[in-house]
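Atoms within each ligand, like the ligands themselves, are counted from 1 in listed order. Along the sequence shown, residues carry numbers from 1.
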Amino acid sequence: MQKSPSTAKDISFEDFKTEVLNDYKLAVTSRECSLLGRREVLTGKAKFGIFGDGKEVPQLALAKAFKNGDFRSGYYRDQTFMMAIGALNIQQFFAGLYANTDLEKEPMSAGRQMGGHFATHSLNEDGSWKNLMQQKNSSADISPTAGQMPRLLGLAQASKIYRHVDGIDAEKFSDEGNEIAWGTIGNASTSEGLFWETINAAGVLQVPMVMSVWDDEYGISVHARHQT
Ligand SMILES: Cc1ncc(C[n+]2csc(CCOP(=O)(O)OP(=O)(O)O)c2C)c(N)n1
Ligand SMILES: [Mg+2]
């Protein structure tokens with residue numbers, strides 16, 4: 001899968017055209033994965049699946065602003081974003097859906113998590129730390145909706161600590177606190193206390209955090225007028 005080029009200020013028409021076409025290809029590929037994946041679930045070939053269709057374009061935009069060293073703490077609709085940062089391809093997406101237990105084929109969790117729960121690896125095979133400043137990072141999604149919120153706050157708070165506290169070995173973990181923690185959540189899940197507490201704390205602590213709420217007016221099958 002094509003990685004999105006970083007956002008350049010001076011860009012030629014040809015480069016611009018190439019980037020637009022790459023984005024379009026990625027959005028269509030991700031949409032087709034959703035449609036085919038859902039068909040696999042509804043025909044009984046995969047047990048359960050949840051997909052990111054309808055949310056492709058803003059995730060492509062988000063991926064362009066997301067830099068090496070940044071961290072995502074998000075939820076199960078983010079497949080296009082993960083594809084755009086080069087952390088998920090079509091085969092891996094379906095390996096997750098079928099709960100393939102081979103870590104090579106299903107690098108998110110070797111089939112132990114539900115499909116659509118996205119992660120990058122922070123450790124090398126020998127257990128040593130990777131340099132997290134040289135990769136785009138995603139903490140592993142967890143199933144309770146809004147559970148990603150306190151961790152999002154913690155990731156943002158870590159950058160603030162790295163910036164203001166001397167004497168921490170930060171080489172592989174921080175560039176003087178310049179990283180950003182990016183959160184995603186669905187509209188229905190914003191009803192949860194964890195969401196409000198995190199937004200409040202982020203304001204009080206003044207931490208580098210960006211929050212995206214994907215408002216599709218539904219919480220699964222329940223319309224927002226009954227829920228929010
Ligand atoms: C704490 C908790 N309660 C209930 C659920 C079951 N559940 C999974 S997704 C979902 C709806 C979420 O809707 P929303 O946040 O709007 O996200 P969307 O899927 O619409 O993008 C619910 C109730 C859960 N996973 N965790
Ligand atoms: Mg919703």
Around K105, counting heavy atoms of other residues, nucleotides and ligands shown, do more than 12 lie under 6.0 Å from its NZ? no
How does S143 reach ligand 1, if at all, at less than 4.0 Å between non-hydrogen atoms: by side chain, backbone, both, or neither? backbone
Would Y218 count as a contact residue for ligand 1, given that I'm defining contact as a non-hydrogen atom of the residue lying under 4.0 Å from a ligand atom? yes
CG/L152 to CD/Q157 distance, rounded to the nearest 0.5 angstrom? 12.0 Å
Does a side-chain heavy-atom distance below 4.5 Å link Y162 with I168? yes
Show which atoms of ligand 1 fall inside a sub-4.0 Å distance from at least one heavy-atom site of [X].
| X | value |
| --- | --- |
| D216 | 18 (P), 20 (O), 21 (O) |
| A188 | 13 (O), 14 (P), 15 (O), 16 (O) |
| P144 | 26 (N) |
| I220 | 9 (S), 10 (C), 11 (C), 13 (O) |
| G186 | 14 (P), 15 (O), 16 (O), 17 (O) |

Going hydrophobic residue to hydrophobic residue with side-chain gaps under 4.5 angstrom, can you get from I142 over to F81? no
Assess the residue pair S109 and H117 against the criterion (side-chain hydrogen bond (donor to acceptor under 3.5 Å, both in side chains)); give the C-alpha distance rounded to whole Å, side-chain angles, the decisive distance to 0.1 Å, and a yes or no. CA-CA 8 Å; S109 70; H117 284 49; over 6 Å; no
I need the nearest protein heavy-atom contact for [atom]: residue, atom name and distance, please.
| atom | answer |
| --- | --- |
| atom 21 (O) of ligand 1 | Y75 OH, 2.6 Å |
| atom 12 (C) of ligand 1 | Y76 OH, 3.3 Å |
| atom 13 (O) of ligand 1 | G219 CA, 3.2 Å |
| atom 15 (O) of ligand 1 | S189 OG, 2.5 Å |
| atom 7 (N) of ligand 1 | T145 CG2, 4.2 Å |

Side chains of N68 and K136, donor plus acceptor under 3.5 Å: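 Checked: N68/K136 side chains pair up, N/O donor to acceptor below 3.5 Å.
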Vertex the Mg ion (ligand 2), ends N187/OD1 and Y218/O: angle to nearest 10° comes to 100°
Between the side chains of [Y] and [X], is the shortest nitrogen-to-carboxylate-oxygen separation below 4.0 Å, so that they form an ion pair?
| X | Y | value |
| --- | --- | --- |
| E106 | R112 | no |
| K45 | E40 | yes |
| D53 | R77 | no |
| D78 | R72 | yes |

Within a distance of under 4.0 Å, is there any protein heavy atom near atom 10 (C) of ligand 1? yes
What do you think, any protein heavy atom under 4.0 angstrom from atom 23 (C) of ligand 1?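 Under 4.0 Å from atom 23 (C) of ligand 1, zero protein heavy atoms found.
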Has S189 got an N, O or S atom lying less than 2.8 Å from the Mg ion (ligand 2)? no
Looking at the Mg ion (ligand 2), is there an N, O or S atom belonging to D216 that lies under 2.8 Å away from it?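 Given the 2.8 Å cut-off, D216 counts as a ligand of the Mg ion (ligand 2).
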May I ask you to decide if the ring planes of Y218 and H223 are parallel, tilted or perpendicular, using 30° and 60° as cut-offs?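 Geometry flag for H223 against Y218: perpendicular rings.
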